[in-house]
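Working notes, structure below.
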Amino acid sequence: MAWSRTDVHSTHTGEALDDHLNRLNDAQQQSVTAPDGPVLVVAGAGSGKTRVLTTRVAWLLSEGHAMPGEILAFTFTNRAAREMKQRIAEAAGPGREPFWIGTFHATGLKILRTEGEAIGIKPGFSIFDTDDSKRLLKEVTSSLGLDSKQFNPSATRGAISRFKNDDQTPEAVLQAAAGYVDKKYAELYAGYEEALRRNNALDFDDLILRTVHLLEQNDEIRERYARRFRHVLVDEFQDTNPLQMVLVKLLSSWHGNLFAVGDDDQSIYSWRGARIENMVDFEQFFPGAAVFRLEQNYRSCGNILNAANQVIANNKRRKGKNLWTNDPAGDLLCEEEFVDEQDEAARVVDIVRQETAAGMSRGDVTVLYRTNAQSRALEDALRRGRLPYQIVGSLQFYERKEVRDLLAYLKLVANPADTVALQRVINTPRRQIGDTTVGRLLDLAARYELTPGEAAAETGVLEEELAPAAQRRVRAFFDLVTRWRSRASEGMPVPELLQAIVDDTKFESHLEQEDPTTAASRGENVAELVNAAAAFHEATDGGNLAQYLEQVALVSDPDTITDGQGTVRLMTIHTAKGLEFPVVILTGCEDDILPHINSAEDEAGLEEERRLFYVALTRAQKRVYLLHAGRRRRFGTWQEALPSRFLREVPDECIERRTLTTPQETSLWGHRPTGRGAGHRPRNRTAPPAVRPDQWGNRTAPAKTAANGPAESVDWQTDVDQSRSYYQGQVVTHSIFGSGVVARVEGAGDDMLVTVDFTESGRKHINPRFAPLVPLD
DNA sequence: CAGCCACTTGTTTTT
DNA sequence: CAAGTGGCTG
Ligand SMILES: Nc1ncnc2c1ncn2[C@@H]1O[C@H](COP(=O)(O)OP(=O)(O)OP(=O)(O)O)[C@@H](O)[C@H]1O
């Protein structure tokens, strides 16, 4: 059995490559076989960029231009890396797939694990994910005497991430700091770096930043790697950031063979530091670069491609390209309007049924959305409709509390210096070790420059600050940890270690005690985690704990897509980048969602939103549904919505538009009147209210006229004072956040939501029903 | 120290 | 609406 499989591959190696080459069009073939030197392939969606890059690798190997170990390829996700390895094995023969194919983060990590000590990184370091970073930052914030409500860890983490991606040190940030907030950010950044060092941890950005520093500062190591990588290839080049660009330059510096593919119309990560300029100005970065264009689309049928092309043509800042297809026009796109998100979700269920009746499988249908929050209503409907589905990405498995708790145990076992993990688990399950005890323990450890575990093992240290009972409990806890740690170092397989932790901590009864109603399902998650660890153990042939934790830290959303035709997949547009599906249902095609309200303010933001819409459309092969609702819950309050402006940019000849025209039709999809508090008047769907709630706020700049707004609120007698008197540009104060300027007013009455830009704390969403917002007039 | 309640804020997008 | 926080009580 094994024989025959090996045979098939090895005897067909050369022909397999020829096959692959022959199936490419001329432009693709020319790119694949381009001579040495810098090469850029610019091409639209579905034109075969990834395929070209993959075939290029196979070609380099087969032609003897490089050995497998001499090729370095960057992909956007681990999933893409895995697929690429598979395809290369098919084309170039098994065992010839390059070792160095991975994401920027995974590649940086691989280098740092072997070479990190050269820049003072201690072996055995942990990787802190976003949640770990935020927890650490929260400690740093309060240790600097700052209020973590004002300097909220999420925002600070974002700022620090930007600093790092611009290769700015804390000192440089401090130098450049203009005002109070900037100065504090610099201090937080410095404190955070120090805290990471004490925890022997690197965050996501460090995986690239520190690798760049390593290669810049150490000539020997740089030369060794740069000489090794005869060919460097980068997929999705339009979404690389400046730091990644530097890394690419360093690693390709010896041989100068860089092969990059990308599409400027699909750049959707500028908020994470990605720069389109890396691609647009490629020829300046790499003089003498050869540039290839691919224009034939092999993915989508005519109407879909036409729609996408027309929409993206509205972006001004682009080079423009001429993407065409040989495929027939196919079905029209379909726009459908609904009263609210529940009706929209009910229709998604209908569409899935319809498609499966027409011969598609559920797995052929993918539901896309702009924000993760939109998935909730969809999930409810799918569950009610008994359709199997998978939410790909955030809030899935690895973000559940019970899973994170157990992973924190493993992290602590792997890295005794990890105080974030320690604080997560030392009192979970309850061990009568409260905040005071933990605080003193950490203080002691810091004072003696020991890890907390060492401090507990030392005689006389705990005694300085802790009561005898507390000492006993703390020591008992670390006895457990030490026991696990020695088992791990004796080579106990990860799944067994994990099971030992579950057993020793009586984790199941802890779940039961915490909340009996959900204990069963959380118990299943625990079992699933053990299974996943077992799968890891198998797949990696006994991989160790550190490797397991790395793998978990670096999973990207698309990696988690399950195989199989039986489940409908739901994901954000960002997650769907680079993937393709027969049927795409794009939900929430509304202004303020797509384009998102926070991005529509400036032209650059709007254009990126349009690119998102473009990415969504171009995922589809056969059919596209564009759904939108007139009303949607946000923060538990109803918000009105208008159809996305991007829908109007889709030419009429390729789309069928089913919009609600009369109030009666509102019941078409089984809408139940959702009366809650001040009712919503039935609306004429072709003529939405002339004045939207968030607009009257804008228009009535002088405070007085605010009361002229639509009299929707039932009890405005009591409400009027607090809820009627906010308008854009108004200066208000808040008991915690200080003074700020009203940026937006949405909704009315109980549904009112005020967005305020506070001078010191940044942008916050305030519900005046609760919050003490005082106008400063 | 744990459990309970009341209060208030958050939702872009992710490696 | 959900989740985290902070305050209070036993
Ligand atoms: N020459 C070709 N003949 C037939 N099919 C092709 C050819 N080139 C590419 N394809 C197919 O077209 C689809 C899109 O290819 P690929 O994913 O490589 O495009 P891409 O440019 O990377 O897309 P995107 O930019 O949207 O990620 C794939 O299904 C691929 O198999």
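Residue numbers begin at 1 in each chain, while the letters A, B, ... track the order of the sequences.
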Derivation and outcome, side-chain contact (heavy atoms from CB on, under 4.5 Å), residues Arg275(A) and Thr240(A): CA-CA 6 Å; Arg275(A) 302 277 162 79; Thr240(A) 53; over 6 Å; no
Test log, rule salt bridge (charged side-chain N to carboxylate O under 4.0 Å, His left out), inputs Asp591(A) and Arg645(A): CA-CA 6 Å; Asp591(A) 271 1; Arg645(A) 67 195 74 179; 3.4 Å; yes
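At dC1(B), one or more side-chain N or O atoms of Thr436(A) fall inside 4.0 Å of OP1 or OP2 (strictly under the cut-off). The side chain of Arg431(A) contributes no N or O atom lying less than 4.0 Å from OP1 or OP2 of dC1(B). Lys577(A) has no side-chain polar atom (N or O) that falls below the 4.0 Å cut-off from OP1 or OP2 of dT13(B). For Asn372(A) and dT14(B), the shortest distance from a side-chain N or O to OP1 or OP2 is below 4.0 Å. Contact annotation: Gln513(A) side-chain N/O to dG3(B) OP1/OP2 distance is under 4.0 Å. For dT14(B), the OP1/OP2 oxygens have a side-chain nitrogen or oxygen of Thr572(A) closer than 4.0 Å.
Here the side chain of Phe635(A) is nearest to one of dT12(B), dG10(B), dT5(C), namely dG10(B). Distance from the side chain of Arg376(A) is smallest to dA2(C) among dC1(B), dA2(C), dT11(B). Distances from the side chain of Thr371(A) to the nucleotides dG3(B), dT15(B), dT11(B) place dT11(B) closest. Looking at the side chain of Asn427(A), the nearest of the listed nucleotides dA2(B), dT15(B), dT13(B) is dA2(B). In the set dT15(B), dC1(B), dT12(B), dT12(B) carries the atom at the smallest distance from any side-chain atom of Glu609(A). Ranking dT13(B), dT12(B), dC1(B) by closeness to the Thr437(A) side chain, first place goes to dC1(B). With distances taken from any side-chain atom of Arg430(A) to the nucleotides dT12(B), dG3(B), dT13(B), the minimum falls on dG3(B).
Of the residues near DNA chain B, Leu554(A) and Gln374(A), the one whose nearest nucleotide (by heavy atom distance) lies more toward the 5' end is Gln374(A). DNA chain B is contacted by both Pro558(A) and Ala373(A); Ala373(A) maps to the nucleotide lying nearer its 5′ end (nearest heavy atom per residue).
A heavy-atom distance below 4.5 Å is not found between the side chains of Thr437(A) and Ile426(A).
Residues that satisfy the side chain to side chain donor-acceptor pair (under 3.5 Å) test with Asp559(A), not counting sequence neighbours, are Asn78(A), Ser556(A). Under the rule for a side chain to side chain contact (heavy atoms under 4.5 Å, CB included), the partners of Ser375(A) that lie at least two apart in sequence or sit in another chain are Tyr369(A), Glu379(A), Ile391(A).
The base of dT13(B) sits within donor-acceptor range of the side chain of Arg370(A), with an N or O pair under 3.5 Å. Judged by distance alone, with hydrogens and angles left aside, Ser599(A) brings a side-chain donor or acceptor within reach of the base of dT12(B), the pair sitting under 3.5 Å. One N or O donor and one acceptor, one from the side chain of Thr130(A) and one from the base of dT15(B), sit under 3.5 Å apart.
For the pair Arg157(A) CZ and dT13(B) P, the computed distance is 13 Å after rounding to whole Å. Nucleotide dT9(B) holds its C1' atom 12 Å from the CZ atom of Arg634(A), rounded to whole Å. Atom P of nucleotide dT14(B) and atom CG of Asn78(A) are separated by 15 Å, given to the nearest angstrom. The CE atom of Met571(A) sits 15 Å away from the C1' atom of dT14(B) (whole-angstrom rounding). If you take OH of Tyr269(A) and P of dT15(B), they are 6 Å apart, rounded to a whole angstrom. A straight line from CG of Asn598(A) to C1' of dG10(B) spans 12 Å, rounded to a whole angstrom. The nearest whole Å value for the distance from the CG atom in Asp557(A) to the P atom in dT14(B) is 6 Å. Between His574(A) atom NE2 and dT14(B) atom C1' the separation is 8 Å, expressed in whole Å.
When heavy atoms are screened at a 4.0 angstrom cut-off, Ile573(A) is found touching no nucleic acid atom at all. Nucleic acid contact class of Lys138(A) (heavy atoms, under 4.0 Å, all strands): sugar-phosphate only.
Taking the six-membered ring wherever Trp is involved, the centroid distance between the rings of Phe104(A) and Phe204(A) does not fall below 6.0 Å.
Asp405(A) and Lys401(A) are joined by a salt bridge, as a carboxylate oxygen and a charged side-chain nitrogen come within less than 4.0 angstrom of each other.
Taking a centre distance below 5.5 Å and an interplanar angle below 30 degrees as the stacking criterion, His596(A) stacks against the six-membered base ring of dT12(B).
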